[in-house]
Amino acid sequence: MGTISPISFRKKLLTWSEEHPRNLPWTNIVDPYTIWISEVILQQTRAEQAIPYYQKLMKSFPSLAHLANSSLDELLLIWEGLGYYSRARNLHKAAKFIQNELNGVFPNTYSEILKLPGVGDYTAAAISSFAFKLAFPVVDGNVVRVLGRLCGVESSFHSTEGRKQFYQLANQFLDQKVPDLYNQAIMDFGATHCLPSNPLCNSCPFHLQCTAYKIGRIQDFPIKKSRQKSSEKFLHYFLLQDSKDRIIIRQRDDRSIWKNLFELPGLFLDQEKTLTAPQIKKNLRLFGIALNNYKILKIKQYHHLLTHLKLNIKFYIIHYDGLKDQKTLNKIQMVEIKTLSKYAFPKIIRLFLDQNLNRRYAK
DNA sequence: CACGCGTGGCT
DNA sequence: TAGCCAAGCGT
């Protein structure tokens with residue numbers, strides 16, 4: 001399988017890296033806390049999308065103590081719109097763990113770093129090498145693509161066998177003397193040169209030794225697992241606005257999507273339909289809500305695509321005079337529209353609120 | 001271990 | 001355009 005010696009690969013890769021510096025906000029950082037934050041933000045996320053979030057987060061929580069002493073809701077508000085919110089929940093949990101159990105000192109061995117919630121093989125290797133110069137190879141999507149093509153790896157990284165092969169290769173190629181520079185270089189090379197589609201093979205320093213290129217099968221590597229087709233879900237949300245510019249919101253507490261974020265009272269259905277007034281009334285009662293003099297003004301439809309789900313959302317815009325019985329309210333809160341910027345909402349709900357509230361709120 | 005988990009950019 | 005993919009992790 002090996003078509004290029006590790007020594008030759010390292011040398012060319014590090015040369016390429018010197019010639020193609022990638023000036024991102026987190027490059028050349030050595031503080032483990034800061035590296036950790038950046039790596040978690042970057043999980044499954046493009047650098048361009050990550051930058052503003054990294055900057056916001058470091059400004060609000062410049063040190064581990066700041067993060068550990070914050071509330072999860074504060075962090076989620078900063079994380080709003082970035083997606084994969086379990087990252088924020090785990091970040092918060094890990095910060096508290098380090099402060100309370102490790103005396104506020106960031107762990108400095110691979111196995112201890114790996115124990116932090118939200119830190120897996122990739123992130124542990126990244127922190128170990130970047131912050132502590134430990135010789136652990138990062139194996140992310142970029143590395144899988146580079147090594148998969150270079151060595152013509154015939155199995156998918158998502159299989160046990162493939163995973164084993166990729167880690168074996170990654171360890172062979174890793175430069176033990178400068179694991180930090182090597183890891184950064186191979187990811188940068190994957191991200192900017194050995195691109196997923198239309199890679200820049202003509203100017204590639206390895207193309208003469210690249211297995212996939214030599215056999216003319218660049219597009220076949222790395223081997224991918226077939227992706228499951230996404231299903232469609234139908235959501236119904238009720239925007240309940242009273243005459244005092246207040247609306248009703250609730251915090252998601254179940255274990256599925258958007259956990260711990262805020263939303264409107266509503267329901268998920270498996271099939272397309274439009275709720276009738278009695279059905280709306282009945283569903284509102286599940287939240288303990290009984291409205292006085294209400295009027296369904298209009299229904300706004302939105303579509304939102306997730307990797308595994310196609311969301312079809314109907315927002316029912318309802319104005320009302322007051323609630324019949326406030327004592328039975330079930331896990332909902334009534335908040336002034338002008339305070340909505342203090343609550344973290346999923347992207348699509350924030351978009352709807354921005355576009356449809358007849359009283360604006362401060363950003 | 002196959003699947004759930006967000007959002008955005010690219011082809 | 002509908003699918004693919006992006007510095008993955010937890011269960």
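All heavy atoms count here, side chains included; hydrogens, waters and symmetry mates do not. Every chain is numbered from 1 and lettered A, B, ... according to where its sequence line falls, protein lines coming before strand lines. Computed from a prediction, not measured in an experiment: that's the story for all the values here.
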Just by distance, no angles: are the side chains of A:E161 and A:Q165 close enough, under 3.5 Å, to form a donor-acceptor pair?
yes
Classify A:V40 by what it touches in the nucleic acid, base, sugar-phosphate, or nothing, heavy-atom distance under 4.0 Å.
nothing
Report which part of the nucleic acid A:Q184 touches: base, sugar-phosphate, or nothing (heavy-atom distance under 4.0 Å, all strands).
base
A:K244 and A:D321 ion-paired at < 4.0 Å
no
For atom C1', what is the distance between B:dC1 and C:dA6, given to the nearest Å?
22 Å
Which part of the nucleic acid, if any, lies within contact of A:W26, taking any heavy atom under 4.0 Å across all strands shown: a base, the sugar-phosphate backbone alone, or nothing?
base
For the pair A:K338 and A:E336, find out whether any cationic side-chain nitrogen is under 4.0 Å from an anionic carboxylate oxygen.
yes
Could I get a table of every N or O pair under 3.5 Å where one atom is in the protein and the other is in nucleotides 3-6 of chain C?
unit_1: C:dC5; atom_1: OP1; unit_2: A:K224; atom_2: NZ; d: 3.3
unit_1: C:dA6; atom_1: OP1; unit_2: A:R145; atom_2: NH1; d: 2.4
unit_1: C:dA6; atom_1: N3; unit_2: A:Q44; atom_2: O; d: 3.4

Need one value for A:S38: base, sugar-phosphate or nothing, where a base atom within 4.0 Å counts as base even if backbone is also close, heavy atoms only.
nothing
Presence of A:W79 side-chain N/O under 4.0 Å of B:dT7 phosphate oxygens OP1/OP2:
no
Between A:K56 and A:E80 (salt bridge meaning N to carboxylate O under 4.0 Å), is one present in this structure?
no
Tell me what A:G81 touches on the nucleic acid: a base, only sugar-phosphate, or nothing, going by heavy atoms under 4.0 Å.
sugar-phosphate
Quote, to the nearest angstrom, the P distance that separates B:dG4 from C:dA7.
23 Å
Do A:E18 and A:T15 pair up side chain to side chain, a donor and an acceptor below 3.5 Å, judged on atom types alone?
no
Pairing pattern in dot-bracket form [Watson-Crick, G-U; both distances under 3.5 Å; | = partner strand] for DNA chain B
.||||.|||||
Is a side-chain donor-acceptor pair under 3.5 Å present for A:Q176 with A:Y182?
no
Between A:D253 and A:K259, is there a side-chain N and carboxylate O pair less than 4.0 Å apart?
no
Using atom P in both nucleotides, what's the gap between B:dC3 and C:dC4 to the nearest angstrom?
15 Å
What nucleic acid atoms does A:S256 come within less than 4.0 Å of, heavy atoms only: base, sugar-phosphate, or nothing?
sugar-phosphate
